[in-house]
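What follows is a short report on a single structure.
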Protein chains: 2
Amino acid sequence: MGEEKKNATIYDVAAAVGVSLATVSRVVNGSENVRPATRDKVLSAIKELGYRPNAVARGLASKKTTTVGVVMPDMTNLFYSELTRGIDDVANMYQYDVLLTNTDDDPKRALTAVRNLADKQIDGLLFMGSQLSDEVLAAIQATDVPVVLAGSVNHGRVLPSVNIDYKKAFAEVTDNFLQAGKKRLALVLGSDDRAIDQDYRRAGYEKALAEGGIALDEGLIFAGARSYQDGQNLAEAIEKAGAEAVIAYDDEVALGVLNGLQDMGKKVPDEIEIVSANNTTFTMVARPEISSIDQPKYDIGAVAMRLLTKLMDKESLDEEQVVLPYTMVKRQSTK
Amino acid sequence: MGEEKKNATIYDVAAAVGVSLATVSRVVNGSENVRPATRDKVLSAIKELGYRPNAVARGLASKKTTTVGVVMPDMTNLFYSELTRGIDDVANMYQYDVLLTNTDDDPKRALTAVRNLADKQIDGLLFMGSQLSDEVLAAIQATDVPVVLAGSVNHGRVLPSVNIDYKKAFAEVTDNFLQAGKKRLALVLGSDDRAIDQDYRRAGYEKALAEGGIALDEGLIFAGARSYQDGQNLAEAIEKAGAEAVIAYDDEVALGVLNGLQDMGKKVPDEIEIVSANNTTFTMVARPEISSIDQPKYDIGAVAMRLLTKLMDKESLDEEQVVLPYTMVKRQSTK
DNA sequence: CTGAAAGCGCTAACAC
DNA sequence: GTGTTAGCGCTTTCAG
């Protein structure tokens, strides 16, 4: 109390052993060029003094912080938190720490986040979000820091990314319903302007519809649903639109729709079927359980981080755009 | 490409304007002591050169990193991610960045996390977990870094913390059932050795039982349930134990029990009632919806971080052990 | 109001 | 093998 307990520095260790800073630095960094005897002396001095290298000083001198920035929309969203779990585990495996920032999927916040992270001299950046704005892209490129997108699309494929084939997955889901004779398929999206919603999910849906010879009915497309509540509120409109099945981009939203529909007396899957797209715990806790596209969330994050470690090591990537396989999980909400 | 785009340094700015480093530093840090005219010149030079202070260098020189460490069990657990959301928002508000580490609630991992974070010279630490081991406590105290516990108990109250009164809440829930004439109350816990489970949740349960003159039946206490699956697997045993109601410490677990019970034909709440303790989205998506103790999760995190900012500013705390109010949310799983 | 100078704790050539 | 010497980019006295 009151005693400023100044941490031992590399200098203290050097003095204690009677060697130079350089030698201590060498043993700390595992350099070969140290005589075993001196190494041992240094090591025990380190232990005695409780010396721990100051990562900040190290970062300044070496220009590597062993820290990666992670930009995500919302950590309370299971989809993103599972991606991030994969990111975090691999980051730790490679000895990186994670500087995490929530953006609420807001490009403005993403922009400040990226800049701020860059100021902290992160060695790499992992970006997640339904959209990568031009400003953010520019900010990222201005930093010279390697980036990988996880579960997020980028037009022009200018940045490395790890995803599933969203368009194909949505086309497949849509087509499955078509094959089963359903024609009025509601599509629930998070936005009416984000690339992932429009150019991938909706595009897949439209593609399948077109191939199935079914005319697109805008009245069956519902954009802007972000939460369980939103889903629940949408139930009535979906019912009114005469949908025979609904395809929802998010599990919580899907569950909201499901419960909303059931609360108003609709039978699922007998009168209306539902499929969601993230296969989080929410799909399993629902009654009936919700059929879903299963994205390998943890793996997307893990692979993305692995790519980033390669980039940070100046290695080249075998493929910049990694597309992981998805599967369809059949549960009780579909027949 | 190839051109090493060296970021402008404070030195470049100084040279461009024709002033000293000190002056640039002053305007960057908003010091009063700069003539408006020079300030403007410096500011425009900064803009032109796109100068951004290197936070690492700053951290080394000032011994402040404006970074806080957050140690949490699992970001895919809604309880913790909502706490962390509160932490993150307040941290941003006060211009701190968050270095996040998952521990899986493992004391060993918590220990390395704390040490590692300390090496990075964090200005403060936010700790979450069902347990604060002696080693971790020692490691924290060895660092001299201010700490606040969020949603986590510490015996002896040696560290500042923000919580609800878990014991009281569990006693209240238990007593409510007792008042309603229920006598066989199952208690589902996460562990049989962690303080928060034993000294708070179980203690509250036992207290109410004792006051109600009901003998404790160890056969009604189920420890070690961590997931939805665990809850589901527990349903049969709970039913066999003849429970009239169940009190679960976690929402996902509670939902597992609920679905397990219903899947085996039990009527909730008619034949058996259920109450959970975190009031996350899982309680609302259940059918029937689950009654729950509502902890102000976001606020616990937010208040904890606010306390930490005070500590980091060397301010004293009005109260070190903050106890936030909880409420009981009555839904359909209880009568 | 502004500049000079001394570090912060460590890495990284470069000598010996 | 080990030591010397420069910095990394910035803050912070201390002068003036």
Side-chain angles (χ1 to χ4, degrees), chain A residues 4-43 45-46 49-67 116 118-123 143-144, chain B residues 4-43 45-46 49-67 95 118-123 143-144:
Chain A
E4 267 303 308
K5 73 171 80 164
K6 40 191 168 291
N7 290 318
T9 70
I10 194 171
Y11 197 85
D12 298 327
V13 177
V17 184
V19 295
S20 73
L21 307 190
T23 300
V24 179
S25 177
R26 286 191 187 97
V27 352
V28 168
N29 293 301
S31 162
E32 290 290 281
N33 306 331
V34 181
R35 178 150 32 98
T38 52
R39 176 194 308 285
D40 290 344
K41 283 196 290 185
V42 170
L43 249 20
I46 285 177
L49 296 172
Y51 168 70
R52 307 215 102 222
N54 177 325
V56 173
R58 224 170 186 172
L60 182 59
S62 69
K63 299 185 167 307
K64 296 190 134 294
T65 54
T66 62
T67 301
N116 181 47
D119 291 347
K120 295 250 167 159
Q121 313 300 120
I122 52 172
D123 294 337
T143 64
D144 233 10
Chain B
E4 267 301 310
K5 71 170 84 164
K6 42 192 167 289
N7 291 317
T9 68
I10 195 172
Y11 198 85
D12 298 325
V13 177
V17 184
V19 295
S20 73
L21 305 191
T23 300
V24 178
S25 178
R26 287 192 186 96
V27 351
V28 167
N29 293 301
S31 162
E32 290 289 282
N33 307 331
V34 181
R35 182 152 28 102
T38 51
R39 177 193 309 283
D40 291 345
K41 285 197 289 185
V42 170
L43 249 19
I46 286 177
L49 296 173
Y51 168 69
R52 307 215 100 222
N54 177 324
V56 173
R58 227 171 182 169
L60 182 59
S62 68
K63 302 191 165 305
K64 296 190 133 298
T65 54
T66 62
T67 301
Q95 316 266 52
D119 291 347
K120 296 251 166 158
Q121 313 300 120
I122 52 172
D123 293 337
T143 64
D144 233 10

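Below, read A as the first sequence line, B as the second, and so on, with proteins coming before strands; counting in each chain starts at 1.
In terms of heavy-atom proximity, Val42(B) sits nearest to Val17(B) at CA-CG2, 3.9 Å. The nearest pair of heavy atoms linking Ala118(A) to Thr143(A) is CB-CG2, 3.5 Å. Between Arg39(B) and Glu32(B), the shortest heavy-atom contact is NH2-O, 3.8 Å.
For DNA chain D, the residues of residues 20-35 of chain A within the heavy-atom distance limit of 4.0 Å (strictly under) are Ser20(A), Ala22(A), Thr23(A), Arg26(A), Asn33(A), Val34(A), Arg35(A), sorted by number.
Thr65(B) and Lys120(B) share no donor-acceptor pair across their side chains, judged by distance under 3.5 Å alone.
No contact: Val56(B) has no heavy atom under 4.0 Å from any strand.
Distance Ile46(A) CD1 to dG9(C) P: 16 Å, rounded to the nearest Å. For Arg39(B) and dT2(C), the CZ to P distance is 9 Å, given to the nearest whole Å. In this structure, Lys120(B) places its NZ atom 15 Å from C1' of dG9(C), rounding to the nearest Å. Separating the CD atom of Gln121(B) from the C1' atom of dG9(C) is a distance of 9 Å, rounded to the nearest angstrom. In this structure, Tyr51(A) atom OH and dC10(C) atom C1' are separated by 7 Å, rounded to whole Å. Rounded to an integer number of Å, the gap from CG of Leu60(B) to P of dT11(D) is 11 Å.
Here dA12(C) is the nucleotide among dC10(D), dA12(C), dC8(D) with the atom lying nearest to any side-chain atom of Ser62(A). Side-chain proximity of Ala61(A) to dT11(D), dC8(C), dC10(C): nearest is dC10(C).
Judged by distance alone, with hydrogens and angles left aside, the side-chain atoms of Asp40(A) form no donor-acceptor pair with the main-chain N or O of Ala37(A) at under 3.5 Å.
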Show, in sequence, the C-alpha distance, side-chain angles and deciding distance for Asp123(B) and Thr67(B), and conclude whether the side chain to side chain contact (heavy atoms under 4.5 Å, CB included) test is met.
CA-CA 6 Å; Asp123(B) 293 337; Thr67(B) 301; 5.7 Å; no
Begin from the C-alpha positions of Arg26(B) and Thr23(B) and carry the test side chain to side chain contact (heavy atoms under 4.5 Å, CB included) through to its verdict.
CA-CA 5 Å; Arg26(B) 287 192 186 96; Thr23(B) 300; 4.0 Å; yes
Please tabulate, for the side chains in residues 50-63 of chain B, all donor-acceptor contacts under 3.5 angstrom to protein atoms that are two or more places apart in sequence or on a different chain.
unit_1	atom_1	unit_2	atom_2	d
Arg52(B)	NH1	Asp119(A)	OD1	3.1
Arg52(B)	NH1	Asp119(A)	OD2	2.7
Asn54(B)	OD1	Val56(B)	N	2.7
Asn54(B)	OD1	Ala57(B)	N	3.0
Arg58(B)	NH2	Asn29(B)	OD1	2.9
Ser62(B)	OG	Arg58(B)	O	2.7
Ser62(B)	OG	Lys64(B)	N	3.3
Ser62(B)	OG	Lys64(B)	O	3.4

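Within the 4.5 Å cutoff, the side chain of Asp12(B) has no heavy atoms near those of the Asn7(B) side chain.
In terms of phosphate contacts, Lys63(A) brings no side-chain nitrogen or oxygen within less than 4.0 Å of OP1 or OP2 of dC10(C). OP1 and OP2 of dG9(C) both lie 4.0 Å or more from every side-chain N or O belonging to Arg58(A). Listed pair Tyr11(B) / dT11(D) fails the phosphate criterion, with no side-chain N or O lying under 4.0 Å from OP1 or OP2.
Direction change of the helix axis from one end of the helix from dC1(C)-dG16(D) to dC16(C)-dG1(D) to the other is 30°, with five pairs defining each end axis (rounded to 10°).
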